[in-house]
> 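Please read through the structure below; I'll follow up with questions.
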There are 2 protein chains.
Amino acid sequence: MSRGRVLAAAVALADEGGVDALSMRKIAQALGVVPMALYKHVANKNELLDGMIDALVGEIDPPVADADWRTAVRGRVLSARRMLLRHPWAPEVIESRIKARTAPTPAVMEYLDSMIGIFRAGGFSLDLTHHAMHVMGSRLLGFSQELFSDSAGRAPDPDALSPEEMAARYPHITALAMAVAHDRDSVVGSGCDDQFEFEFALDLTLDGLERLLRAP
Amino acid sequence: MSRGRVLAAAVALADEGGVDALSMRKIAQALGVVPMALYKHVANKNELLDGMIDALVGEIDPPVADADWRTAVRGRVLSARRMLLRHPWAPEVIESRIKARTAPTPAVMEYLDSMIGIFRAGGFSLDLTHHAMHVMGSRLLGFSQELFSDSAGRAPDPDALSPEEMAARYPHITALAMAVAHDRDSVVGSGCDDQFEFEFALDLTLDGLERLLRAP
DNA sequence: ACCTGAACACCGTTCAAGT
DNA sequence: ACCTGAACACCGTTCAAGT
């Protein structure tokens, strides 16, 4: 029994059933331990959540050495995204931690510090680096920030609209969905390549930053 | 008693104490009603949360008529941001709804449909519109997606690092924070203008989209 | 038929009783 | 001193008993 084992068990439980299925009692059960035993290694549930986030941020690859700023930032953000794909419950928890005005955990601070260092080493002024951090926003941690995920894995909705009703009520969404499905030669699923779209948005942002760096 | 009154009471409670302080029992109490009476107007708590989000999206201004696409999108996103500033718990709830793979609610669908319509009317191809929606991501709903809010309103942390320790451990963050504070002629607070940074990031994104529209 | 109180199966955390 | 079971104050929701 150690703090690390508690956090690992908590992360595993969240990976399985989402953060709603996470409870102190279930973590204890998974570890074959009485619930109150957890409080030896963790102050309370909020501190446990902070620890879990810290563990995830530790999974992000360190910056590649001897790379220009753009390659370094891009690689790190894509590594963060791979981490989030392994732990899809993380954005929700991070969001709730921010709203609770919790101080960022050490691993997050270190991550942000090193990211700022990459920009600075790449020639960004302090001011431009500050803007760059805001521009990147939660994309720095790999948030894909989709407003709706594809409907592929969703439970079939009994009172879902018919295609005709969809087209009548949401003509633009329907046209877009059909065009994308046709492009990908697939009628099944949304036909939308999330990885491509993420990199598209990331590169557009990096392009904008590069332009600011060259002509401030 | 009506669905609208239930949703309004729920939104008011969340505005006051955040979404963690929201419970069916407290909503009922605020309405002077027995808890089970809520289930006449709302199927369960998840459906209540969907209803609350729907109500918020309804607060976003409709698109201004006779404006070019960029003005229309910009205005609408800034209106969405003003809505989120009134209801800071909303991003967390929206995030959790997405992760639960809940189908987007009608008001969200209508909002997205009309936003797609703005891009299309502005001359964006179906394909470019699709990319644009992904690029905008949750910024479409006004998410400011800061990784850490300013430390101004945060409770004083008893075991916070001293300025010297901060500078030693997180040199780049410290340098950035000091430069920003100096810029704004203020040592109090983060000295960081969130509204300015939001519009800076938004405009950089819109610049990128405009460039793609002109030279595909 | 409608409404609602009690009850059920949870939850995070306190605390006193045990070792 | 450490550990832990029971208890407390909650929670969302079911359901049977009341009207």
Side-chain angles (χ1 to χ4, degrees), chain A residues 1-55 89-90 92-97 99-102 105 155 158, chain B residues 1-55 89-90 92-97 99-102 105 155 158:
Chain A
M1 271 293 286
S2 69
R3 185 163 212 274
R5 294 228 321 135
V6 172
L7 293 180
V11 167
L13 271 177
D15 288 348
E16 273 175 49
V19 81
D20 284 344
L22 190 73
S23 77
M24 301 298 275
R25 284 161 145 104
K26 279 186 195 160
I27 298 166
Q29 194 184 4
L31 289 167
V33 126
V34 88
M36 282 313 296
L38 300 179
Y39 288 78
K40 183 108 251 167
H41 306 96
V42 149
N44 49 45
K45 197 180 183 183
N46 278 338
E47 207 251 350
L48 173 95
L49 290 172
D50 280 344
M52 292 167 68
I53 295 301
D54 243 35
W89 47 270
E92 182 184 346
V93 174
I94 294 170
E95 193 77 54
S96 79
R97 240 76 280 291
K99 285 311 178 291
R101 297 170 161 283
T102 308
T105 57
Chain B
M1 270 293 286
S2 69
R3 185 163 212 272
R5 295 227 323 136
V6 172
L7 293 179
V11 167
L13 271 177
D15 288 348
E16 274 175 47
V19 79
D20 283 345
L22 190 73
S23 77
M24 300 298 276
R25 283 160 145 104
K26 279 186 192 157
I27 298 167
Q29 194 184 3
L31 289 167
V33 125
V34 90
M36 284 312 298
L38 300 180
Y39 287 78
K40 183 108 250 166
H41 306 96
V42 149
N44 50 45
K45 197 181 184 183
N46 278 337
E47 207 252 351
L48 173 96
L49 290 172
D50 281 344
M52 292 167 69
I53 296 301
D54 244 34
W89 48 270
E92 183 184 346
V93 173
I94 293 169
E95 193 76 54
S96 79
R97 241 74 279 289
K99 285 309 179 293
R101 297 168 161 284
T102 308
T105 57

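These figures come from a predicted structure and were not determined experimentally. To find a chain, count down the sequence lines: A is the first, B the second, and so on, and within it residues start at 1.
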> Are B/P35 and B/M24 close enough that some pair of their side-chain heavy atoms sits under 4.5 Å apart?
no
> For A/I53, run the side chain to side chain contact (heavy atoms under 4.5 Å, CB included) check against A/I94, A/T102, A/V11, A/L7 and tell me which one passes.
A/I94
> Restricting to nitrogen or oxygen on both sides, can you table the protein-nucleotides 10-14 of chain C pairs closer than 3.5 Å?
residue, atom, partner, partner atom, Å
C/dC11, OP1, A/S23, OG, 3.0
C/dG12, OP1, A/M24, N, 3.1
C/dG12, OP1, A/K45, NZ, 3.1
C/dG12, OP2, A/M24, N, 3.0
C/dG12, N7, A/R25, NH1, 2.2
C/dG12, O6, A/R25, NH1, 3.3
C/dG12, O6, A/R25, NH2, 3.3
C/dT13, OP2, A/Y39, OH, 2.9
C/dT13, OP2, A/K45, N, 3.0

> Nearest heavy-atom pair of B/D15 and B/W89: which atoms, and what distance?
OD1-NE1, 2.6 Å
> Please examine the side chains of A/E92 and A/V19, heavy atoms only from C-beta on, and report whether any two atoms are closer than 4.5 Å.
yes
> Look at A/K40 and D/dC3 and indicate whether a side-chain polar atom (N or O) is within less than 4.0 Å of OP1 or OP2.
yes
> Measure the distance from CG on A/L31 to P on D/dT4 and round it to the nearest whole Å.
13 Å
> Going through the distances and angles, do B/L31 and B/L38 end up as a side-chain contact (heavy atoms from CB on, under 4.5 Å)?
CA-CA 10 Å; B/L31 289 167; B/L38 300 180; 4.1 Å; yes
> Just wondering, do B/L49 and B/L22 contact through their side chains at under 4.5 Å, heavy atoms?
yes
> For the pair A/R3 and A/E47, find out whether any cationic side-chain nitrogen is under 4.0 Å from an anionic carboxylate oxygen.
yes
> Less than 4.5 Å apart, any side-chain heavy atom of A/R97 and any of A/D50?
yes
> Represent DNA chain C in dot-bracket notation, 5' to 3'. Only Watson-Crick or G-U wobble pairs with both distances under 3.5 Å count; pseudoknot-style crossings use [ ] and interstrand partners use |.
||.|||||...|||||.||
